Chemist: 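I'd like to ask some things about the structure below.
We name chains A, B, ... by the order of the sequence lines, and we start the count at 1 in each one. Quantities reported herein were computed from a predicted structural model and do not represent experimental measurements.
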Amino acid sequence: MRTYTDLSQPQPAKILLAQSQAQFLNHVMSLPFNVASHLDTAVRAAAAKLGLADRGFQPEVRVADPANGDYQANGALAFAKREKQNPRALAQQIVDELGGLQADYDISLAGPGFINFRLKPAALLAWLQTYDSEEHLQSGAASARHGQTWIVDYSSPNTAKQMHVGHLRSAVIGEAICRLLTFSGAKVIRDNHIGDWGTQFGKLIWAYKRHLDPAALDADPLEEFERLYKAGNSAAEADPAVLTEAQQELVKLQAGDAANLAVWKTINDVSLAAFQEIYDRLGIKFDAMLGESFYNDKVDRVYRELTGTGLAQPSEGALVVFHPEHPRFAQQPFIIRKSDGAANYASSDLATALYRAEHFKVDGIIVVTDFRQADHFEQLYLTVRKWFAAENYRLPELHHVTFGSVNGEDGKALKTRDGGIIRLKALLDEATERSYQLVSSKNPDFPEAERRAIADIVGVASVQYADLSQNRSSDYVFAWDKMISLEGNTAAYLLYAVARIRSIFRKAGLDAAMPPLADATAPETPQEIALARKLGKFPDAVQLATNTLRPHFLSLHLYELAGEFSTFYAADKVIVDDPAVRARRLLLCHRTLVELEAGLHLLGLRTDLERM
RNA sequence: GCGGGCAUAGCUCAACUGGAUAGAGCGUCAGACUACGAAUCUGAAGGUUUGGGGUUCGACUCCCUAUGCCCGCACCA
């Protein structure tokens, strides 16, 4: 069975590329996977013939409003303005040079100088015949980052605490980014940078030794750890002597005290096991779990090199880095070692960056956290760039992928200290239960086990999709109904389209995985053509989502695709007597299924349901 | 105080990073199941893109400014 885990493993890109080239030879030479970049090349060549190339002409090819065409080239407008030419006349000259494209496109001029390209139905068919499976879609996309290695640091919860709804965004967005990068040909290392070495362990170990309730630990360890942490925290606030004791527990731990290390290990093991249950439900498998403790013995080198290169300096007892060229960070220090000599977030993040560059030899580092850490990462990356340059280390691309905070009804961020925390596990359970109620009311005749299985998929997918369907940079107010809605632009809408297509193939007595469609003809009705045109925009959506590290662009495409399919479905009956009509509509159904599944898998969602 | 982010239909969000008439969902109103599945589809109403100025062939997008909200700024992560 092909499941959502397929794409989590790097594909053998060379073999797939070879297959892809064979496909081109069998079908059509002129329509590559990414039509937009093909047009970009063609327009660029036409401009070169007109002698515009060395004067900075850019084609500016982009996806067009469907009313105008499939793609548009806007470059003539900007160029003509700069060169004081008539833009429309210039665009006409370019069009005149594009004769070779007339076989596949209707090309037209519009407005002040837009060049519009509309794929002809036969060309749409050729594209659909070529990209007939998830594997071939990937082989088309896989050249973009072939040979690159990226590490993505996401989820990264603190041990001894439960994951709450605020942890959802990093996990879901990070996983989607991993899959997008893999799809574009990169080798991706998923790293869960666990917070397992923070100062919380001083108070926690202090309380563990004095107030542990063994029965509670047995029943629900994470609850007990949270209770202990709160107990230690309030005791330390009330009594300075306790605070000192807690700090000493931390010092003992960091010095390797056996008893404290044992407590620490217990806490971490229990926490990781609980996290794993959540990750399993979200379809996340990490390649590495290198938490803060892993870098404990690697920070001395950071201090040494940053001091040696003159980047770091002592200040008020701490070791700090200033950035004189920066308006704020010339004054605002980046503290890389505390005045008591202990490491902090900055120390371990610097050591982490170096380890990733040296050990994994990555081309890019992506860290996914909420936007409140923007200053920290700006300082971190400024420091890493100077440090690596001074030491002559190879510098990877550095990205900090931020997202808005999940807020409560009061508009303020949900915080661990507040009473109204919503646990991630409870959220997933609630979503699954609501899905179960709906599945059961719609399909009382389905076996119980199947209804449960469907609810598992739809419920979790709804939660994931709620996050992935909106631009990550905006905050959002947490609301149950919004997170697990099953109407409108939701996972349920997309999965419903998947289920309906599978149903059609069942009805037709065909295997949806491998239907015989070689003799299908080009789309004809308006709804068929609209659906085929939308299908061809998949590469643009994937590329945009990947390059901007914003998965919602892919979500939007899938939603619109499902919409086009639903319109087509209502207007054009698929299982009809006329074999030609039937074949060409079955082709559209199959490719819609392939693309919806490929896209949903890229977002991290499961699609393995036959009906719902 | 310094700095960053956000402000789009009643509500929740898009708008391919400067392109053509700003689009969806929910909600409201009017229609469509003897149909391959109505968790669906078709249509209507709903906008001075927070206010004001500017840049240009063209601005939700860039610049300035005002207002409101969120966030970060010396040893938390």
Chemist: Of the nucleotides B/A77, B/A20, B/C36, which has the atom closest to the A/Gln72 side chain?
Modeler: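 Nearest to the side-chain atoms of A/Gln72, counting from C-beta on, is B/A20.
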Chemist: Check the distance between B/A32's P and A/Tyr569's OH and give it to me in whole angstrom.
Modeler: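 Rounding to the nearest Å, OH of A/Tyr569 and P of B/A32 are 19 Å apart.
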Chemist: Within the 4.0 Å limit for protein heavy atoms, which parts of nucleotides 8-14 of chain B are touched? Write it as a string from 5' to 3', B for base, S for sugar-phosphate only, - for none.
Modeler: ----SSS
Chemist: With heavy atoms under 4.0 Å as the rule, sort A/Ala110 into base, sugar-phosphate or nothing.
Modeler: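 Result for A/Ala110 = base.
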Chemist: With distance as the sole criterion, do the side chain of A/Ser315 and the base of B/A74 form a donor-acceptor contact below 3.5 Å?
Modeler: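 It does, because a donor-acceptor pair links the side chain of A/Ser315 to the base of B/A74 below 3.5 Å.
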Chemist: Using both distances under 3.5 Å as the test, list the Watson-Crick or G-U wobble partner of B/C73, or none.
Modeler: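 Result: B/G1.
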Chemist: Residues in salt bridge (Lys or Arg N to Asp or Glu O under 4.0 Å) with A/Arg611, at least two apart?
Modeler: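 A/Arg611 satisfies salt bridge (Lys or Arg N to Asp or Glu O under 4.0 Å) with A/Glu450 once adjacent residues are dropped.
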Chemist: Tell me which nucleotide among B/C57, B/C75, B/A39 gets nearest to the side chain of A/Leu77.
Modeler: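 Looking only at side-chain atoms, A/Leu77 lies closest to B/C57.
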Chemist: How about CG on A/Asp577, more than 12 heavy atoms from neighbouring residues, nucleotides or ligands closer than 6.0 Å, or not?
Modeler: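 No, CG of A/Asp577 has 12 or fewer neighbouring heavy atoms, counting only those of other groups under 6.0 Å.
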Chemist: Classify the nucleic acid contact of A/Asp196 as base, sugar-phosphate or nothing, counting any heavy atom under 4.0 Å across all strands shown.
Modeler: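 The residue A/Asp196 makes no contact with any strand.
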Chemist: Heavy atoms under 4.0 Å, any strand shown: does A/Ser339 hit a base, just sugar-phosphate, or nothing?
Modeler: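 Touches a base.
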Chemist: Residues of residues 497-504 of chain A with any non-hydrogen atom less than 4.0 angstrom from an atom of RNA chain B: list those, numerically ordered, please.
Modeler: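 When residues 497-504 of chain A is checked for heavy atoms under 4.0 Å from RNA chain B, the hits, listed by number, are A/Arg500, A/Ser503, A/Ile504.
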Chemist: With sugar-phosphate meaning primed atoms plus P, OP1 and OP2, does A/Lys507 contact a base, only sugar-phosphate, or nothing at under 4.0 Å between heavy atoms?
Modeler: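 Counting heavy atoms under 4.0 Å across all strands, the contact made by A/Lys507 is with sugar-phosphate only.
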